[in-house]
Amino acid sequence: MPAFGADELLEKDQIEAVADYVLSLSTQTAVAGAVGVELYAENCASCHGGAGEGGREFGAPSLADQIWLYGGEKADIVAQITKPRHGVMPAWTGRLDDTTIKMLAVYVHALGGGE
Ligand code: HEC
């Protein structure tokens, strides 16, 4: 995701407002003011979904649940919007043989109901 703070796409107070809105999604509480709502719709909804449900096509996680990759405190959310972390999975070639990787792929696929 874009570095909204580091690349000066959003001002500090805008980041605060959109972070408050993100917190309101996961805690299902009302947020004061429409600024965060508008900023979210303009900058975040394309990847994270209109209601924060997440977007599979971009690998954008849900922001409306209690599961956080990088923490659900306001400071964590502000940090992610300002200068995002991007998760990287280590490569397993050479550590697992081809047959084991195939067996794991079939198993993981089945975890998602074969979808
Ligand atoms: C281009 C798509 C895209 C846009 C636009 C985008 N994000 Fe993200 N966001 C992602 C992806 C992908 C991740 C997962 C980062 C990773 O680990 O690689 C993420 C992660 C996050 C996280 C961390 C979630 C967690 O579980 O800890 C937060 C919070 C977040 N985004 C908020 C926002 C906000 C607020 C905006 C708008 C200001 C925004 N994002 C705009 C794609 C996007």
Side-chain angles (χ1 to χ4, degrees):
M1 67 181 258
F4 290 96
D7 291 341
E8 296 174 6
L9 302 171
L10 294 178
E11 306 281 336
K12 228 170 170 215
D13 56 335
Q14 293 179 308
I15 292 175
E16 294 276 328
V18 79
D20 281 334
Y21 179 62
V22 167
L23 269 178
S24 81
L25 291 174
S26 69
T27 53
Q28 300 191 345
T29 49
V31 64
V35 179
V37 181
E38 277 171 30
L39 286 168
Y40 180 87
E42 285 165 17
N43 296 285
C44 323
S46 55
C47 290
H48 288 284
E53 69 274 19
R56 280 167 125 188
E57 58 277 30
F58 303 109
S62 167
L63 303 177
D65 59 17
Q66 310 299 316
I67 303 164
W68 298 100
L69 297 168
Y70 306 120
E73 300 295 323
K74 184 168 172 190
D76 303 319
I77 295 168
V78 167
Q80 178 69 10
I81 300 167
T82 304
K83 198 167 180 289
R85 285 186 273 181
H86 296 118
V88 176
M89 175 168 166
W92 290 88
T93 312
R95 297 162 78 184
L96 298 175
D97 62 54
D98 286 354
T99 312
T100 308
I101 289 175
K102 272 190 192 136
M103 288 191 308
L104 277 169
V106 170
Y107 174 66
V108 171
H109 186 250
L111 290 177
E115 224 186 295

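Computed over heavy atoms, backbone and side chain alike; hydrogens, waters and symmetry mates excluded. Whatever order the structure lists them in is the order used to number ligands and atoms, beginning at 1.
Remark: ligand 1 and Gly87 share an N or O pair separated by less than 3.5 Å (distance only, no angle test). Of the N or O atoms in His48, one or more lie within a sub-3.5 Å distance of an N or O in ligand 1. Considering backbone and side-chain atoms together, Leu69 places an N or O closer than 3.5 Å to an N or O of ligand 1.
Contact annotation: the side chain of Tyr40 approaches that of Leu63 to within less than 4.5 Å [non-hydrogen atoms, C-beta and beyond]. The side-chain heavy atoms of Asp76 and Trp68, taken from C-beta on, include no pair separated by under 4.5 Å. Between Ile77 and Leu23, the closest side-chain pair of non-hydrogen atoms falls below 4.5 Å.
The two residues Lys83 and Ala3 come nearest to each other via the heavy atoms CA-CB, 4.4 Å. Of all non-hydrogen atoms in Pro61 and Leu69, the two that sit nearest each other are CG-CD1, 3.9 Å.
Around CG of Asp98, the count of heavy atoms belonging to other residues, nucleotides or ligands within 6.0 Å does not exceed 12. When the shell of 6.0 Å around NZ of Lys74 is examined, it contains more than 12 heavy atoms from other residues, nucleotides or ligands. Crowding of Ile101 atom CD1: a count of heavy atoms from other residues, nucleotides or ligands under 6.0 Å exceeding 12.
No part of Asp76 comes within 4.0 Å of ligand 1, judged by heavy-atom distances. Residue Phe4 touches ligand 1 through its side chain alone, judged by heavy-atom distances below 4.0 Å. The part of Pro2 lying near ligand 1 is the side chain, judged by heavy-atom distances below 4.0 Å. At a heavy-atom distance under 4.0 Å, only backbone atoms of Phe58 (N, CA, C or O) approach ligand 1. Contacts of Arg85 with ligand 1, taken as heavy-atom pairs under 4.0 Å, involve the backbone alone. Only the side chain of Val22 comes within 4.0 Å of ligand 1, judged by heavy-atom distances.
When the heavy-atom distances from atom 13 (C) of ligand 1 to Pro61, Ala79, Ala41 are ranked, the shortest goes to Pro61. Counting heavy atoms only, Cys47 comes closest to atom 2 (C) of ligand 1 of the residues Ser46, Cys47, Gly36.
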- Please assess Asn43 against Val18 for the test side-chain contact (heavy atoms from CB on, under 4.5 Å), listing each intermediate value before the final yes or no. CA-CA 9 Å; Asn43 296 285; Val18 79; over 6 Å; no
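When only non-hydrogen protein atoms are considered, atom 29 (C) of ligand 1 lies nearest to Leu63 CD2, 3.8 Å. For atom 36 (C) of ligand 1, the closest heavy atom belonging to the protein is Cys44 SG, 2.8 Å.
Metal site remark for atom 8 (Fe) of ligand 1: Gln80 contributes no N, O or S atom at a distance under 2.8 Å.
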